[in-house]
Amino acid sequence: MATGKVAVVTGAGSGIGRAVTLALASNGWSVAAAGRRAEALEATAAGAAEILAITCDVTDPAQVGSLFARTKEAFGRLDLLFNNAGTGAPPRPLEDLSIEHWRRVVDTNLTGAFLCAQHAIRLMKAQDPRGGRIINNGSISAHSPRPNSAPYTATKHAITGLTKSIALDGRGHDIACGQIDIGNAATEMTAPIARGVPQANGETAVEPTMDVADVARAVLTMASLPLSGNVLFMTVMATAMPFVGRG
């Protein structure tokens with residue numbers, strides 16, 4: 001049953017973004033599914049009338065503006081932004097990383113989220129009824145780094161600050177903002193985890209993963225709250241992954 005609610009999901013062509021897009025659509029939301037790869041987005045939409053595939057590079061301000069303009073044109077309003085688009089740099093010591101790798105991660109993970117939030121807030125403030133919700137994908141790396149992950153970890157820590165600022169500044173406009181920190185969801189990006197990844201003690205170990213559909217259920221739970229309530233931070237993780245404790 002249609003809810004009349006409208007969402008924008010970035011990084012919707014695969015992994016967590018695709019799972020969240022499909023979960024929202026199957027629960028009555030209309031979704032603008034955004035990403036860089038048109039073919040992957042079309043696979044996500046797969047002919048579903050509730051999903052509008054829109055090619056967008058979140059590092060490009062003009063493309064971000066077009067994404068939100070097309071969303072408003074197609075659906076009339078915006079109730080949810082899931083800021084999910086992200087990338088990483090090669091796992092190497094900080095001193096050996098190129099400035100190009102650093103800037104690419106910062107531009108995608110942080111500046112892209114900022115640009116999307118700007119446009120979402122503008123729509124949410126102006127529409128009737130006003131307001132909406134922004135959920136940022138923070139990652140376990142918003143709390144604790146993996147070895148040789150300085151750009152990704154720095155941007156995810158910064159997302160926490162962005163989340164708090166949006167939550168504070170949005171109060172007077174009926175805009176809620178929360179962050180979901182995800183650990184070891186089974187996606188294409190996390191496939192190496194099942195083969196073994198470096199640990200803090202220098203060893204390499206296989207780590208447990210969790211079904212990405214369960215991550216989508218968690219996002220849906222956050223998105224389903226009335227605007228009078230907000231999950232400011234949620235951590236959803238593979239139960240046995242090496243995060244809690246000393247590593």
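Remember, it's a predicted structure, so these values are computed and weren't measured experimentally.
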Non-hydrogen atoms of [X] and [Y] that approach each other most closely:
X      : Y      : result
Val215 : Ala185 : CG2-CB, 3.8 Å
Pro90  : Leu97  : O-CD2, 3.9 Å
Ala85  : Gly11  : CB-N, 3.8 Å
Ala176 : Leu227 : CB-CD2, 4.5 Å
Asn184 : Glu207 : ND2-OE1, 2.9 Å
Met237 : Val244 : CE-CG2, 4.4 Å

Tell me whether [X] contacts the main-chain N or O of [Y] through its side chain, where contact means a donor paired with an acceptor under 3.5 Å.
X      : Y      : answer
Thr44  : Ala12  : yes
Ser149 : Pro145 : no
Arg18  : Ala40  : yes
Arg133 : Pro226 : yes
Lys156 : His143 : no
Thr190 : Thr187 : yes
Asn230 : Cys177 : yes
Asn136 : Asn83  : no
Asp96  : Arg92  : no
Ser66  : Ala62  : no

Between [X] and [Y], is any side-chain donor less than 3.5 angstrom from a side-chain acceptor?
X      : Y      : result
Ser98  : His101 : yes
Asp57  : Gln63  : no
Asp107 : Thr59  : no
Ser139 : Asp181 : no

Other residues, nucleotides and ligands only: do more than 12 of their heavy atoms fall within 6.0 Å of CZ on Arg77?
yes
Step-by-step side-chain contact (heavy atoms from CB on, under 4.5 Å) determination, Val206 to Ile193
CA-CA 6 Å; Val206 172; Ile193 288 173; over 6 Å; no
Less than 4.5 Å apart, any side-chain heavy atom of [X] and any of [Y]?
X      : Y      : value
Arg36  : Val58  : no
Val6   : Thr71  : yes
Ser224 : Leu220 : yes
Ile135 : Val219 : yes
Leu162 : Gln179 : no
Ser14  : Arg37  : yes
Phe82  : Leu24  : no
Lys125 : Arg130 : no

With side-chain contact (heavy atoms from CB on, under 4.5 Å) as the criterion, how do Asp60 and Val64 come out once you've worked through the C-alpha distance, each side chain's angles and the decisive distance to 0.1 Å?
CA-CA 6 Å; Asp60 184 330; Val64 173; 5.8 Å; no
Joint cluster assignment, [X] & [Y], ILVMFWY side-chain distance < 4.5 Å:
X      : Y      : value
Leu225 : Leu80  : yes
Val236 : Val212 : yes
Val8   : Leu123 : yes
Leu110 : Phe114 : yes
Val20  : Ile180 : yes

Measure the spacing between CG of Leu67 and CG of Leu52 and express it to the nearest 0.5 Å.
9.0 Å
dist Ile54:CD1 -> Thr10:OG1 (nearest 0.5 Å) comes out at 12.0 Å
Test log, rule side-chain contact (heavy atoms from CB on, under 4.5 Å), inputs Thr204 and Gln199
CA-CA 6 Å; Thr204 297; Gln199 304 296 304; over 6 Å; no
Stepwise side-chain contact (heavy atoms from CB on, under 4.5 Å) check, Glu50 with Phe75:
CA-CA 10 Å; Glu50 304 88 354; Phe75 301 122; over 6 Å; no
Reference residue Cys116; test side-chain contact (heavy atoms from CB on, under 4.5 Å); the match among Asn84, Ile121, Leu81
Leu81
Tell me, with the steps shown, if Arg104 and Thr87 meet side-chain hydrogen bond (donor to acceptor under 3.5 Å, both in side chains).
CA-CA 8 Å; Arg104 181 172 63 87; Thr87 191; 2.9 Å; yes
